Novice: 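Sharing a structure here in C-alpha cells format.
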Amino acid sequence: MPHESRRAAREAAQKQQAAIDAHEQRTASADRSRRRRGRARTAWLIAAVVLILLLAAACWVGFRALTVKNGLEQSQQLIGELQNGADVKETVAKISEHADSAASAASDPVWAMLEWVPLAGENLRGVRLAAQSLDVLVNDVGMPVLSADPASGSLIQQVLGVAKAQSARVSQLATEIEEVQKSTALVGPVRSGVDQVAEVMAAAAPAVELLPTLLGADGPRHYLLVFQNNAETLALGGSAAAQTLINVDNGTIAMGTQGNSGSYQNGVAVDVPVDQSALDLYSSYLVDHINTSMSRPDWPTAAKIMRAWWQRDIAPDQIDGVISIDPLALQRILIATGPITLVTGDVLSAENAVSLLLNEVYMRWDSYKHPELVDGFFAAAAGAVFTKVASGDFNLKDMAWALSESASQGSVLVWSEDEKITDAIAGERISGILPSDNAEATTVGVYFNNTNGSKIDYYTQTSIRAEASCAADSATFTVNAGITLPLTQDQVEDLPRYIQSMLYGTTFRDSIMIYGPPGTTVSNVAVNGERVSVTQQGIDDLGRPVAAFEAWFEAGQQVDVTASFTGAGEFGPLAVQTNPMIHPPVPAVTDNCK
C-alpha cells in the first residue's frame, strides 16, 4: 500500500477512536449526572421522610403532652380538694386515675427519644418525672396503704411492706427530679410543676426510705419514748414525767418497760458530756435531776441525758432513738383515733386530754401522798393510746395531720445516732435543734423554764415581741418576753399543793432564756418588775449569745424582760422559736430589715 494511503488510514482510525472516546466520555458524564441527580433525590427523599417522622413524633408527643397536662392539672385540683377536707379514699382514688394516665403518656418511647433534643428535651424530661413521681406516690404508695385489708395484718405491717417495695423507686425519682430542677432550660409552667413535685418528693423519699429501718425490717429496734409535762414548762416542752421503752421488730410494735421520775437516782448526775455553757446556764440540775433534763433548748442534749438515765437506773437496754411527745400532741392524735376508754373508766378524748392529764389528775390525787396513783394513771393512758395507735385503728389523714402539726410545734421530737435519720430531719423543728446560721431565717429563741417544781403552767400565759432594725453596717434584734398568772390570789390558794409551787407556795419563779441570733452579741438587757433580775448575759450557748433572767411573780402579776442583740452580716427574715405551751403565745414580729 502506498505510504500516503497508510497514513490516511491511520488518521481515519485515530479520528474514529477519538469519536468513540468522546462518546464514552459523554456517556460516562451523563451517567455521573444521573447518579448525582439520583443521590440528590434520595437525600431529599430521606430528609423528607425524617422531617415527616419528626413532625409526626412532635405531633404524637404533643397529643401525649395534652394527656399529661390534663392528668397533672386534674390531680392538682383534687389534691387541693383533699387538703380542704375531701374524703381521703375517694379523692385519692380519683387522683390515681389521672396520675396513671399522665405517667403512661409521659412514658411513651417516642417521648423518651425526644428528651435528647436540646432545650425542649429538658422540659419533656421534667414533665415526665413529675408525672411518674406523682403516679408512684399515689398508685404505688398511697393507694395500697389506703386500701389495706385488716385481714392481711396490721396497718403498720402493710405500710412496711409498701415502703420496702417502693423505697428504691421513690428515691431514684426524687434524685432525678432534683437534678432536672437545676436545669435553666425549663419554661415557666414546667418549672412551677417540677418545683412543686420536687418539694413533695424531697419530703417523701427519706420517709419511705427510712421506714423499713425504723420499723425493724433490718432487725429489732428499741426506742425510748419520753412523755413531757407542759404544766411544768421547760424549754423543750416540760418535765420528763414518764418514759416507756418501745420495741419494734419487722413492723410489730410492743411496749416494754415503763419508768417515771421516781424510778431514778435523782441528785446523782449521769455520765454524759455536756457543754460547760449549758451547765453554767442551767446548773447541775440539767444532768442530776431527770425532770429538769429538758431545760436546754437542744433535743440531742436531752435525749442523750435521758438515754443515760434509763441505761443506768432502769436497764442497760440498746436504745436506737429517743422520741418525745407531750399531751398537746396526744390531743391531736386522739382526733385520729377517736376517744379511748382507760382502765380507770375515764374516757380520754381530743377535748379533754390536756385538761385531764395536766390538771384534773392533780385535783383527784395528792401527788405528794400518792405518787403511785398519778404515775399509774399516766401509765394507763400511755398504754391505751399506744395500743390504739399500734393496731393501726385510726384515720390515716387525721393522724398524718396530727403528727405533722405536732412536729412543727415542737410537741414531737426525734433523736437518733443513725446518720440517715439525722440527715432526714436536719433543719426541721422535729430535730429539736436551733438553726446554726441566719441563712434562711434569723431565729431568736425565747424559753420559759419553770424552776419552782409546780404545775402552775396549766394556767400561766406568755407573750413575745421581737423586732429587727438595720443600720448601714449592723443589725439589732430586740426581744421582749412576758409571763403572767391570770388568777386571783384566792384561786391560787385553792389549788392543790402539787399545782402550787413545791418550794414557795403561792409565789412562783421562772427562768426566762433569750437566745440571740448566731453572729451577734448582747447589747442591752432590761427588766420590769420588783423581783426580776438578770442572771447571765455573757455566755454563748449553742453558738448563740444568751440573756438569762430570773422572774418571781404571784397571782395577777405580769413580769417582762427585754434583751437586744447586735451584729453585722447577712440576716434572713426574723423568726421566733419558743416552748410548746398549753396557752401558746402568738409572737409579734416586726422586721424592719426586709
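Treat the numbers as computed from the prediction; the structure is a model and nothing was measured. Along the sequence shown, residues are numbered consecutively beginning with 1. Every heavy atom of this structure was used, including side-chain atoms; hydrogens, water molecules and symmetry mates were not.
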Novice: Are the side chains of Val559 and Trp552 in contact, using a 4.5 Å heavy-atom criterion?
Specialist: no

Novice: For Tyr285, look at atom OH and say whether over 12 heavy atoms of other residues, nucleotides or ligands are found less than 6.0 Å away.
Specialist: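 No, because the 6.0 Å sphere around OH of Tyr285 holds 12 heavy atoms or fewer from other groups.
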
Novice: With distance as the sole test, does Ser404 use its side chain to make a donor-acceptor pair with the main-chain N or O of Ala400 at under 3.5 Å?
Specialist: no

Novice: So, Trp365 versus Tyr498, ring centres under 6.0 angstrom or not?
Specialist: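 No, too far apart.
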
Novice: If you compare all heavy atoms of Met363 against all heavy atoms of Ile499, which two are closest, and at what distance to 0.1 Å?
Specialist: CE-CD1, 4.1 Å

Novice: Please confirm whether the backbone N or O of Gln265 pairs with a side-chain atom of Asp313, one donor and one acceptor, at under 3.5 Å?
Specialist: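 Yes.
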
Novice: May I ask you to decide whether Asp298 forms a salt bridge with Lys304, counting only side-chain N to carboxylate O separations under 4.0 Å?
Specialist: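 Between Lys304 and Asp298 there is no salt bridge, as every charged N stays at least 4.0 Å from the carboxylate O atoms.
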
Novice: With under 30° as parallel and over 60° as perpendicular, where do the rings of Phe227 and Phe378 fit, or are they tilted in between?
Specialist: tilted

Novice: Could you pull out the closest heavy-atom pair between Leu342 and Ala380, with the gap in Å?
Specialist: CD2-O, 4.2 Å

Novice: Quick one: pull up OG in Ser416 and CZ in Arg221 and give me the separation to the nearest 0.5 Å.
Specialist: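 Result: 5.5 Å between the selected atoms.
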
Novice: Treating Thr488 as the side-chain partner and Gln491 as the backbone partner, does any N or O pair qualify as donor plus acceptor under 3.5 Å?
Specialist: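 Side chain of Thr488 to backbone of Gln491: a pair is present.
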
Novice: Among Asn480, Val479, Val576, find the one that has a side chain to side chain contact (heavy atoms under 4.5 Å, CB included) with Arg465.
Specialist: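 The side chain to side chain contact (heavy atoms under 4.5 Å, CB included) with Arg465 is passed solely by Asn480 among Asn480, Val479, Val576.
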
Novice: Has Glu493 got more than 12 heavy atoms of other residues, nucleotides or ligands less than 6.0 Å from its CD?
Specialist: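 Above 12, so yes.
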
Novice: Check this for me: does any side-chain nitrogen of one of Arg296 and Asp541 sit under 4.0 Å from a carboxylate oxygen of the other?
Specialist: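 Salt bridge: yes.
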
Novice: Taking Leu236's backbone N and O only, do any of them form a donor-acceptor pair with Tyr447's side chain (distance below 3.5 Å, no angle check)?
Specialist: no

Novice: Under 6.0 Å from the CG atom of Asp218, do we count more than 12 heavy atoms belonging to anything else shown?
Specialist: yes

Novice: Could you go through Asp326 and Arg332, starting from their C-alpha distance and side-chain angles, then the distance that decides it, and tell me whether this counts as salt bridge (Lys or Arg N to Asp or Glu O under 4.0 Å)?
Specialist: CA-CA 10 Å; Asp326 64 22; Arg332 299 184 187 104; 5.4 Å; no

Novice: Could you tell me whether the side chain of Gln331 and the main chain of Leu328 form a donor-acceptor pair under 3.5 Å?
Specialist: no

Novice: Test your reading of the model: is there a side-chain donor-acceptor pair from His583 to the backbone of Tyr458, 3.5 Å cut-off?
Specialist: yes

Novice: Indicate whether the side chain of Gln228 and that of Asn230 have a donor and an acceptor atom separated by less than 3.5 Å.
Specialist: no

Novice: Examine distances only and state if a side-chain atom of Asp423 and a backbone atom of Lys420 form a donor-acceptor pair shorter than 3.5 Å.
Specialist: no

Novice: Where do Val446 and Asn579 come nearest, in terms of heavy atoms and distance?
Specialist: O-OD1, 3.5 Å

Novice: Is the cationic atom of Arg364 (NZ for Lys, CZ for Arg) positioned less than 6.0 Å from the six-membered ring centroid of Phe377 and within 45 degrees of its normal?
Specialist: yes

